[in-house]
Amino acid sequence: MGLGAIIWFEAQVDPPPQAFLAGLVLFALGFLLKRDAGRLFHHTLFAGMLICLGMALAQWESWRVSTVMLDSAVTTTVTGQIERRESYDNGRWRYVVRVEATEKPSIRRAPQRVTVFVRKQAEPFDLGDRIRGRARLTPPAGPALTGLNDFAFSSYFNGIGANGFAYGTPELLSPSGDNAAGSLLDAADIWLAGLRNSIGDRIRQTLAGDTGAFAAALVTDERRAISKDTTEALRIAGLTHIIAISGLNMALSAGIFYVGLRYFFSLFPGVVQAWPTKKFAAFGALLTVTAYYLISGFGVSAERAFIMMAIMLVAVLFDRPSISLRNVALSAIVILVLSPSQVLGPSFQMSYAATLALVSGYSLWKRRRHRENILPRIRLLSPLLFVTRFFGGVMSTSFIGGASTAIFSIEHFHRLATYGLAANLAAMPVVSFIVMPFGMMAMLLMPFGIDGPFWKVTGEGLELVIVIAKTVAGWGGDITFGRQPGWLMPTFIAGFLIMSMLRTRLRHLGLLLLLSSVGVAAFGSGVPKPDLMISEDGILVALRQDDILATNRERPQAFIFEQWQKALVAAEHQPPTMLPTDSRLPQISKTDRHKRLSNEEQKAVRTAMEEALDRTMQGSFACQKGAWCVAVLENGAILVTIENAAYLPAACDTGSIVVTPIRLRLDHCRSGATLITGATLRKTGSIEMVLTSDKPITSAAFNNPQRPWTRHRTYDWRTGKFDAPIAKAPPVLDNSPVSDSDE
């Protein structure tokens with residue numbers, strides 16, 4: 001099913017529904033009617049049926065969400081109702097707003113939901129409030145480089161059509177109590193989100209700073225309030241799994257409640273003998289994890305962990321084995337049916353990789369040969385054996401979980417925490433014996449208003465965890481990896497599945513395949529690194545030389561630039577050489593978008609560009625602030641970036657490659673220079689070039705943006721229509737007469 005979903009999502013165009021639906025019917029009929037055709041053939045039919053089913057589920061999810069994506073950046077007045085909110089450590093608030101109207105200008109294809117950031121707000125809005133305010137909205141970002149994460153994909157399936165920030169504080173039109181409630185389901189959703197926010201606010205009021213934000217994240221999954229320094233330390237130390245509501249949190253909460261309730265029942269021998277108290281404890285633990293899931297924000301890791309724990313506890317109710325690969329598969333099936341798009345996300349992949357490896361390792365441990373050991377019979381050694389077993393368990397689970405998710409961390413985040421084992425050995429006893437037990441008691445006592453002392457103890461434990469994370473992070477050990485070859489992940493996953501699912505010695509073939517694929521990737525040439533990168537909005541341009549990135553901005557956009565650094569393993573940033581103000585050059589304001597330069601002014605600009613090229617080294621930029629930048633590339637070509645269309649004739653005459661974020665009507669330089677504009681980048685996304693002596697080898701993030709989460713790039717608001725599909729969006733253009741420019 002997951003493979004079928006991946007095939008559908010990774011296709012260049014939407015696969016015709018008739019094809020995979022017909023395949024589903026044919027494979028299903030063959031599976032039902034040809035039971036005596038042989039085991040291998042029967043399994044092949046079953047696999048084909050499930051692949052077609054996965055494709056059908058992916059198609060259905062896309063139809064079901066049908067998120068309207070904003071086609072281009074716009075500043076407008078937004079009126080809408082607040083559905084979600086989340087605080088940041090710097091005082092900002094992030095709101096998810098259901099859009100009711102837009103004006104000045106009115107957006108023709110307005111998204112149904114947008115996220116809006118509000119800076120420095122004393123009192124946040126409540127869920128359900130209707131607000132109105134001026135905001136700058138932009139479409140969700142595409143991949144920063146070819147093959148990197150497409151944020152528009154996740155935004156589409158999360159129902160978010162645009163991101164933006166508010167100018168000032170929006171106006172409150174009517175509080176939540178005055179607004180008519182929608183459907184019963186919407187009202188319940190808002191009530192549950194409000195409960196989650198109130199719990200998080202109470203925890204942060206009780207515990208200040210990062211400790212309170214950390215504690216709130218463990219309960220409500222609101223992680224943005226944790227400071228960047230602490231988040232980075234947890235990531236480098238390999239402790240971010242503590243923040244994410246995942247199997248660890250669910251298992252500890254269910255286990256603490258389950259064991260505690262069984263110990264409580266054991267105080268009454270008559271009850272234990274007369275009633276199945278084990279099942280009562282399992283049912284109580286099931287209610288506990290259900291409540292935990294409802295206030296956790298419904299994250300993928302929380303969803304997976306809840307389904308797994310629910311299946312395990314229900315198995316106890318029916319006297320079935322609680323830990324098995326079948327339970328892992330059942331939870332995966334539920335998630336694939338509900339939201340198959342999660343199969344491409346790092347949360348789904350890393351959660352199931354760790355769970356599958358741990359359950360498989362547990363199965364091997366259960367099947368080991370038991371040897372007689374006299375040490376447990378010595379009472380004085382019992383505490384020592386308990387401590388040894390506990391730390392042995394932490395070490396083994398940390399090693400198995402870390403090793404199984406390492407390749408996914410490299411693939412998605414281009415980094416690996418090498419000291420995660422040491423950090424987990426130090427932090428997990430604190431989490432297991434202080435943070436989670438006292439945190440659970442605080443949550444149980446919160447309705448009675450006597451949760452404060454328990455949160456204080458929880459906070460002390462979290463303070464210790466933060467100290468451990470920062471100490472381990474200080475050792476270094478955060479290794480950065482570049483982009484990996486496309487064959488690595490499928491090969492690694494195939495070897496991993498063979499190794500973890502088979503029970504015979506054939507599983508060693510999986511280990512051999514796994515290690516050989518990693519070895520070939522480690523010692524191979526890898527993915528060729530580009531020499532020139534252009535962001536999808538055309539604002540940021542960078543040149544790479546070894547591990548140095550030279551940019552045309554003194555302060556590049558961190559969101560894009562940090563992705564480039566990790567994907568290209570380039571730690572050093574070289575800012576441009578800023579040229580002094582030249583009185584010979586024409587003065588053009590940003591608001592003057594249609595100014596035309598005279599022949600004398602164009603000549604002065606060309607002269608200034610040529611002089612700037614003499615003042616900068618090869619592979620770095622020289623910039624006239626707010627106007628243009630120039631650079632000499634490795635192959636001797638000249639790159640020019642401009643911020644106003646008035647400089648276009650001079651740029652085309654000077655440069656071999658011209659880049660501008662402005663959406664021009666023309667797409668050619670009559671001089672023969674390659675022209676890349678905001679209009680072409682809108683359809684290609686980010687561009688990277690490998691510079692050669694003959695002709696640059698160009699790769700674009702999108703060759704044909706016709707999928708549901710990319711189609712908004714082809715929308716023309718003037719005509720209200722989508723452009724026709726194209727065979728390939730060419731980023732390198734030919735000669736053509738220059739026409740009028742337009743933004």
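Throughout, numbering of the chain's residues begins at 1 and tracks the sequence.
- For T115, the side-chain hydrogen bond (donor to acceptor under 3.5 Å, both in side chains) criterion is met by N163, not counting sequence neighbours.
- Side-chain N or O atoms of S198 include one that pairs as donor or acceptor with a backbone N or O of G194 at under 3.5 Å.
- The backbone N or O of D126 sits less than 3.5 Å from a side-chain atom of D129, completing a donor-acceptor pair.
- Within the structure, every pair that satisfies the salt bridge (charged side-chain N to carboxylate O under 4.0 Å, His left out) test and touches residues 311-326, not counting sequence neighbours, is listed here: K279-D319.
- Applying the side-chain hydrogen bond (donor to acceptor under 3.5 Å, both in side chains) test to Y88 and every residue at least two apart in sequence or in another chain returns R224.
- Between atom CG of residue D201 and atom OG of residue S87 there is a gap of 7.0 Å, rounded to the nearest 0.5 Å.
- For T355, the side-chain hydrogen bond (donor to acceptor under 3.5 Å, both in side chains) criterion is met by R304, not counting sequence neighbours.
- Geometrically, R119 engages F165 in a cation-pi contact, judged by NZ or CZ lying under 6.0 Å from the ring centre and within 45° of the ring axis.
- Counting all heavy atoms, side chain and backbone alike, A442 lies closest to F454 at CB-CB, 3.7 Å.
- Electrostatic pairing of R92 and E86 does not count as a salt bridge here, judged by no charged N lying under 4.0 Å from a carboxylate O.
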ask   = How far apart are the C-alpha atoms of Q565 and H573, what are their side-chain angles, what is the distance that settles it, and do they pass the side chain to side chain donor-acceptor pair (under 3.5 Å) test?
value = CA-CA 9 Å; Q565 285 185 306; H573 171 224; over 6 Å; no
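- Not a single donor-acceptor pair under 3.5 Å links the side chain of S432 to the backbone N or O of P429.
- Across A469 and L239, no two heavy atoms sit closer than the pair CB-CD1, 4.0 Å.
- For M489, the CE atom counts as densely surrounded, since its 6.0 Å shell holds more than 12 non-hydrogen atoms of other residues, nucleotides or ligands.
- Other residues, nucleotides and ligands contribute only 12 or fewer heavy atoms inside 6.0 Å of the CZ atom of F399.
- When all heavy atoms of S227 and D210 are compared, the closest pair comes out as OG-OD2, 2.7 Å.
- Taking the charged nitrogens against the carboxylate oxygens, R235 and D478 have no contact shorter than 4.0 Å, which rules out a salt bridge.
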request  = Output, in order, the C-alpha distance, side-chain angles, deciding distance and verdict of salt bridge (Lys or Arg N to Asp or Glu O under 4.0 Å) for E562 and R415.
outcome  = CA-CA 12 Å; E562 289 176 2; R415 63 195 308 174; over 6 Å; no
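- Residues satisfying the side chain to side chain contact (heavy atoms under 4.5 Å, CB included) criterion with M443, sequence neighbours excluded, are I199, V219, I295, M446, W455.
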Show me the donor-acceptor pairs within less than 3.5 Å that the side chains of residues 261-272 make with the rest of the protein, sequence neighbours left out.
from: S266; atom 1: OG; to: Y263; atom 2: O; distance (Å): 2.5

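- Here F151 and F559 bring their ring centres to under 6.0 angstrom of each other.
- Remark: the backbone N or O of G401 is paired with a side-chain donor or acceptor of T405 at under 3.5 angstrom.
- Shown here for H241 and N249, the closest heavy-atom pair between the two residues is O-OD1, 3.9 Å.
- Under a 3.5 Å cut-off, the side chain of Y352 and the backbone N or O of A332 do form a donor-acceptor pair.
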